[in-house]
Chemist: 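Just dropping this structure here.
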Protein chains: 2
Amino acid sequence: MSPTDGQDLPGLPTQRPFVTVDVAIFGVLQDELQVLLVQRPSLATEPYPGLWALPGGFIDVSADDSLEACARRKLAVKTGAVAPYLEQVGSWGSKARDPRGWSTTHLYFALLPADSIQLVPGANAADVRWWPVAGAGVRGRLAFDHAKLLAAAVERLRAKVEYTSLPAFLLPREFTLPDLQRAYEIVLGRPVEKSAFRTRVLAAGVVEPIDRQRQTGKRPAQLYRLASRSEPIYFPRTFEPKRD
Amino acid sequence: MSPTDGQDLPGLPTQRPFVTVDVAIFGVLQDELQVLLVQRPSLATEPYPGLWALPGGFIDVSADDSLEACARRKLAVKTGAVAPYLEQVGSWGSKARDPRGWSTTHLYFALLPADSIQLVPGANAADVRWWPVAGAGVRGRLAFDHAKLLAAAVERLRAKVEYTSLPAFLLPREFTLPDLQRAYEIVLGRPVEKSAFRTRVLAAGVVEPIDRQRQTGKRPAQLYRLASRSEPIYFPRTFEPKRD
DNA sequence: TTCTTATAGTGGTACTGTGCAACTTAACAA
DNA sequence: TTGTTAAGTTGCACAGTACCACTATAAGAA
């Protein structure tokens, strides 16, 4: 048995992977699902200089109390906001994923109303930008294995949108049912049937009407807000579209 | 900005959490869902001496190529077998969860036919035993935050059993539909209706009949095996029991 | 004023997968 | 032959979704 193996050692292993947290931050801008990426600094001493990557970085063992706290901190640093929804996607770790050595990352994804935030390039990133999500990722090469991570986050998001109220967290506090329907369509990348959608959302108690409407030039639309602003609703069934 | 923060540092952080992988290994024994636990050595130098814990331990950066490979290795060491199903539950990390310092763990769960394996106490564990799963965990105190980890694994397992064929991985290669139904009932902790269950399983193409039956004294039962021995099937809907 | 247009919202029927209860079938044993 | 028991089937009810057609409400044009 290898000397670094196991909880039974009197001491801790001296060779440890380094540990990072990455966050895929999603928003809806210009009627598209977009993800926030940061450009890595163009220093030859850095891996993947100048390439775009998911926001994230090393755990700070003196500043962060937990993984999730670390994710929330990184999110706040980039957006200046507290995201209404944050979920862990999973973790990845291997000898090969970072040229600097054995590394692990803990991946989270966040949803937020894109109009509510300010982008903050910050000290450790050359630039910050929203990128449209096309298919399972974005156009262009990403640093490290971030294309794979992003694909996993997008897949998780789309899967859960089939049976939860997650897209509501992409909207501002007050919204109409057509707004919400559109958010579903943008994330899923396919049309959603109006009548069934409304029945589903109202029957599940996702939203409650406020006593105001939105005037748009045509028939005004009832405004709603979330019944529960922190927890998503789970619908009894997924969508079941006939034609694909 | 803290000196250990960020990918932008020329160097890597010197203070790193230590990294472990834990595996919740589930099986069905004596008509009960059980989980494999190891007893920690009774050395005063070890945290939680003598307590039971999920099998797992430190990543071995020289032996393990990836997190999942590490999980498979730990699984093989304890059971001497390759589990037909392994899935990551998630990761946890904090300053407080291990008295030795900031630590992270990557939690997996595995399903296997309990009769197919040999328990291997091994060098780094005083004992290995199956423990019945009662509610969200096991009777008795576990080391570290393993009660929370086990609860998360059990919750994930039960949730997926509602809409997948996962319990099939708890059975031997050949089984009858009543066997499979019983596995669902054991994991879910509630009865499952025979007729709807059979329709569901057969319509989804989970199994294929072999041309043999099992004689039990009463009417013989058709034997089946999995159509796909590696991937679970996702049913179009969850169970929808009327009375709870 | 009326007509047109566009979006919001409703109603009605079909369909699918599940729940449930009653039934039939196959083997064994008394 | 009959009774027992577990395996397997049949038929109907039900809930939630899909789809299509319809009505409602505002603004602006005619």
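Proteins get letters first, then strands, A, B, ... in listed order; numbering begins at 1 in each.
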Chemist: Could you give the NZ-to-C1' distance, from K194(B) to dA7(D), as a whole number of Å?
Modeler: 6 Å

Chemist: Separation of F197(B) atom CZ from dA7(D) atom C1', in whole Å?
Modeler: 14 Å

Chemist: Tell me, please, which residues at least two apart from F197(B) pass ring pair (Phe, Tyr, Trp, His ring centres under 6.0 Å).
Modeler: Y184(B)

Chemist: Treating S165(A) as the side-chain partner and A168(A) as the backbone partner, does any N or O pair qualify as donor plus acceptor under 3.5 Å?
Modeler: no

Chemist: Just checking R198(B): base, sugar-phosphate only, or nothing, at a heavy-atom cut-off of under 4.0 Å?
Modeler: base

Chemist: Would you say dG17(C) has OP1 or OP2 under 4.0 Å from some side-chain N or O of R200(B)?
Modeler: no

Chemist: Set out, line by line, the N/O atom pairs under 3.5 Å between protein and nucleotides 24-27 of chain C.
Modeler:
unit_1: dT25(C); atom_1: O2; unit_2: R219(B); atom_2: NH1; d: 2.7

Chemist: For dC15(C), does the base pair up with any side-chain atom of E240(A) as donor and acceptor (N or O, under 3.5 Å, distance only)?
Modeler: no

Chemist: Look for any protein N or O under 3.5 Å of an N or O in nucleotides 10-12 of chain D and output each such pair with its distance, or none.
Modeler:
unit_1: dT10(D); atom_1: O4; unit_2: S195(B); atom_2: OG; d: 2.5

Chemist: According to salt bridge (charged side-chain N to carboxylate O under 4.0 Å, His left out), does anything in residues 128-146 of chain A pair up with another residue at least two apart or in another chain? List the pairs.
Modeler: R97(A)-D145(A)

Chemist: Using the side-chain hydrogen bond (donor to acceptor under 3.5 Å, both in side chains) rule, collect all pairs that involve residues 222-231 of chain A, keeping only residues at least two apart or in two chains.
Modeler: none

Chemist: Would you call K74(B) and D22(B) a salt bridge, using N to O less than 4.0 angstrom?
Modeler: no

Chemist: Scan V21(B), L37(B), L36(B) and name whichever one has a side-chain contact (heavy atoms from CB on, under 4.5 Å) with L54(B).
Modeler: L37(B)

Chemist: If only side-chain N and O atoms of R237(B) are considered, is one of them under 4.0 Å from the OP1 or OP2 phosphate oxygen of dT16(C)?
Modeler: no

Chemist: When the nearest nucleotide of DNA chain D is assigned to P236(A) and to L202(B) on a heavy-atom basis, which residue is associated with the more 5' position?
Modeler: L202(B)

Chemist: Indicate yes or no for a side-chain donor-acceptor contact from H106(B) to the backbone of S91(B) under 3.5 Å, with no hydrogens or angles considered.
Modeler: no

Chemist: Flag this pair as yes if the NZ/CZ of R200(A) is under 6.0 angstrom from the six-membered ring centre of F239(A) and inside a 45 degree cone about the axis; otherwise no.
Modeler: yes

Chemist: Measure from CD on E193(A) to P on dG16(D) and round the result to the nearest Å.
Modeler: 17 Å

Chemist: Could you list the residues that satisfy ring pair (Phe, Tyr, Trp, His ring centres under 6.0 Å) with F235(A), not counting sequence neighbours?
Modeler: none

Chemist: Can you sort out the partners of W130(A) under ring pair (Phe, Tyr, Trp, His ring centres under 6.0 Å), two or more places apart, ordered by chain and number?
Modeler: none

Chemist: Once salt bridge (charged side-chain N to carboxylate O under 4.0 Å, His left out) is applied, what residue pairs with a partner in residues 157-170 of chain B remain, sequence neighbours excluded?
Modeler: E87(B)-K160(B), E162(B)-R190(B)

Chemist: Using C1' atoms of five pairs at each end, report the bend of the helix from dT1(C)-dA30(D) to dA30(C)-dT1(D) rounded to 10 degrees.
Modeler: 30°

Chemist: Would you mind reading off the distance between L223(A) atom CG and dA8(C) atom P, rounded to a whole angstrom?
Modeler: 11 Å

Chemist: Mind checking ring pair (Phe, Tyr, Trp, His ring centres under 6.0 Å) for Y108(B) and listing every partner two or more places apart, or none if nothing turns up?
Modeler: none

Chemist: Counting distance only, does the side-chain N/O of T176(A) pair as donor-acceptor with the main-chain N or O of D179(A) below 3.5 Å?
Modeler: yes

Chemist: Whole Å only: how far is the CD atom of Q222(B) from the C1' atom of dT9(D)?
Modeler: 15 Å

Chemist: With the threshold set at under 4.0 Å for non-hydrogen atoms, list the residues of residues 157-183 of chain B touching DNA chain D in residue-number order.
Modeler: P178(B)

Chemist: What side-chain hydrogen bond (donor to acceptor under 3.5 Å, both in side chains) pairs are there with at least one residue in residues 204-213 of chain A, not counting sequence neighbours?
Modeler: E174(A)-R212(A)

Chemist: Considering every strand and a 4.0 Å limit on heavy-atom distances, what is the contact class for F239(A): base, sugar-phosphate, or nothing?
Modeler: sugar-phosphate

